[in-house]
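Just below is one structure, and these are the notes that go with it.
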Amino acid sequence: MLLRPTLHRGLPNANGNAPSQQSRAGVLNCELGMSKPFDIELERLTGQASYSEAFPGVDAGQRGTFFLETFGCQMNDHDSEKVAGLLLSRGYRQAETPEAASLILYNTCSIREKAAQKVFSRLGEYRERQGEGKVIGVLGCVAQQEGEDIFKRAPWVSLVCGSASYSKLPEMLAQLEAGNQRVTGLDTDTDETFETEVTRRDNPWRAYLTIIEGCDKACSYCVVPFTRGPERSRASDSILREVRQLAELGYSEVQLLGQTVNSYADPTARKTRFSELLLAVADVEGIRRVRFTTSHPSDFTPDIVEAIGRELKICDHVHLPVQSGSTRVLRAMQRTYSREEYLEKIAMIRSAKRPIAITTDIIVGFPGERESEFEETLSLLDEVQYDSMFSFKYSPRPNTPSLSMSDSISEEEKGRRLAILQDKQREIQAAKNAKLVGERFEVLVSGKSRRENQWTGYTTSHRMINFASQESELLGTYVQVRVTGATPNGLVGEHVT
Ligand code: SAM
Ligand code: SF4
């Protein structure tokens, strides 16, 4: 059986604005005219020969069809993969369009205002179409944030469920199937993690795996602690069991996910540290690459750097969001480190046994950010020389402490600062990438261009590279590529043997 992934909305791209498929690890590059998303056979995902063997006693489609659209980050993408797996195992079939589906789900993001607005405009499309018998559900951060108010704004919605309640989804689905019109899952007071028997994966080679849910930090601008609930780590033996299954199913790259992935605290008696977990995952036969994101600077410890230096399968890339280069702004953001402490972490990473690429997130225009403080962020870019950056205009969010802070910065000024910041980073990236011309990298090939003999993939350091090869089939393989040219956003090269 072929299952087609539903639509996805990606992380902001390296310029921090429009979502781009280019910016996400292992995701196909649609914008350069690369091939469409993959169909992954259910047999490949479950290791079983057929749907009936994968889900004994369940008829495919007996409960109808579903369409699931995802907004936001990789964690949302992966939550959707698990929700889709759950639906398949209950006898739903996946539809390619909302028109063809009886159950339509939106997995939502509320990190910035624009992301949340997008969901309501999507829901608005159903205003005129009530009575078509479709069940509509809102999952994720907007569901958690808006709660039952969603029923007021869009009375045609039947399911509102935040990510901290996903483990109760089977019961909620049963209520919907029994004809219940309004079902909610909005409790965030939980110590459960969301685990499914089957995960409907969207990528044939790189598998996401959430190891820690929620967030216990309290950054003053951020909705995540409210929308995703408190930090809950998944048991290390359960993680390793899934990694072994993934390797048996042919996955060679795993990406460990968490809002603060390196705050991982194994709930079992083993008390496996995050760095030990990285090494244990790398040790699983068949795994060639281990990635992890997002790391919080305060919990970034020397043993993680040591593990990357020692084990080549742990990718030489750390995403370490700084948010601002000014200690005063960092304090107002409640980021728990100063500029100097952050720079000490960078020095520690730079002292590793092998070079490690470093990327970051930055917010401009936080309330009260002075011109001189913004300039400190610019000078931090000069000092650190990031390999890539996601950058955002500060967006005031409900329930956050920064909402009531005075001295808001105008949208125009935020836009000006963002443009200056992005210009600077573009220059840095152009210079850094130019220095790579002539070097050789191992690339996991993840896309094929419509242009003949053109392919795309990622290096271990998460650099995207478009390259030429005369081979007829390379997708999913690891090849050596020599860099022949560079742009600020990527590399071009040729396949070498
Ligand atoms: N947990 C990660 C961390 O601590 O860096 C980040 C998770 S958040 C989903 C991704 C990024 O969105 C953040 O690093 C921050 O730069 C940005 N972000 C979060 N809240 C924001 C807000 N209110 N306005 C603008 N950007 C925001
Ligand atoms: Fe949000 Fe801060 Fe938690 Fe990251 S660490 S998810 S920015 S509260």
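Both counts, for ligands and for their atoms, begin at 1 and track the order of listing. Keep in mind that the numbers below use all heavy atoms, side chains included, and drop hydrogens, waters and symmetry copies.
When each of Ser379, Ser326, Ser324 is tested with Arg339 by the rule side-chain hydrogen bond (donor to acceptor under 3.5 Å, both in side chains), just one qualifies, namely Ser379.
The aromatic rings of Phe366 and Tyr394 sit perpendicular to each other, their planes meeting at more than 60°, with 30° as the lower class boundary.
In this structure a side-chain-to-backbone donor-acceptor pair under 3.5 Å is missing from Lys393 to Gly365. Under a 3.5 Å cut-off, the side chain of Gln425 and the backbone N or O of Tyr386 do form a donor-acceptor pair. With Asp266 contributing its side chain and Ser236 its backbone, the two residues share a donor-acceptor pair below 3.5 Å.
Heavy atoms of Gln74 come nearer than 4.0 angstrom to ligand 1 in no pair at all. Ligand 1 has Lys393 within reach: a non-hydrogen atom of the residue lies less than 4.0 Å from it.
Counting heavy atoms under 4.0 Å from ligand 1, residue Tyr221 touches it through both backbone and side chain. Under 4.0 angstrom from ligand 1, the non-hydrogen atoms of Arg397 all belong to its side chain. Contacts between His319 and ligand 1 below 4.0 angstrom, taking non-hydrogen atoms only, are absent altogether.
Taking both residues in full, the closest heavy atoms of Glu253 and Leu444 are given as OE1-CD2, 3.4 Å, listed atom of the first, atom of the second, then distance. Between Glu213 and Lys82, the shortest heavy-atom contact is OE2-NZ, 4.2 Å.
The contact set between ligand 2 and Gln259, taken as ligand atoms under 4.0 Å from a residue heavy atom, comprises 6 (S). Set against the non-hydrogen atoms of Thr260, the atoms of ligand 2 under 4.0 Å away are 5 (S). Listed by atom number, the atoms of ligand 2 under 4.0 Å from Pro225 heavy atoms are 8 (S). Of all atoms in ligand 2, listed by their number and element, those nearer than 4.0 Å to a heavy atom of Cys222 are 1 (Fe), 6 (S), 7 (S), 8 (S).
Contact annotation: His296 places no N, O or S atom under 2.8 Å from atom 3 (Fe) of ligand 2.
Ranking the protein heavy atoms by distance from atom 2 (Fe) of ligand 2 puts Cys219 SG, 2.3 Å first. Among protein heavy atoms, atom 17 (C) of ligand 1 sits closest to Arg112 NH1, 3.3 Å. For atom 7 (S) of ligand 2, the nearest non-hydrogen atom of the protein is Tyr221 OH, 3.4 Å. The single protein non-hydrogen atom nearest to atom 3 (Fe) of ligand 2 is Cys215 SG, 2.3 Å, given as residue, atom name and distance. Here the protein heavy atom with the shortest distance to atom 4 (Fe) of ligand 2 is Arg335 NH1, 4.2 Å.
Glu383 has no carboxylate O lying under 4.0 Å from a charged side-chain N of Arg350, or vice versa, which leaves the two without a salt bridge. A salt bridge links Arg288 with Glu442: at least one charged nitrogen is closer than 4.0 Å to a carboxylate oxygen.
The shortest N or O to N or O distance between Arg335 and ligand 1 is under 3.5 Å.
Annotation: the span from Arg291 atom CZ to Asp316 atom CG amounts to 8.0 Å, rounded to 0.5 Å.
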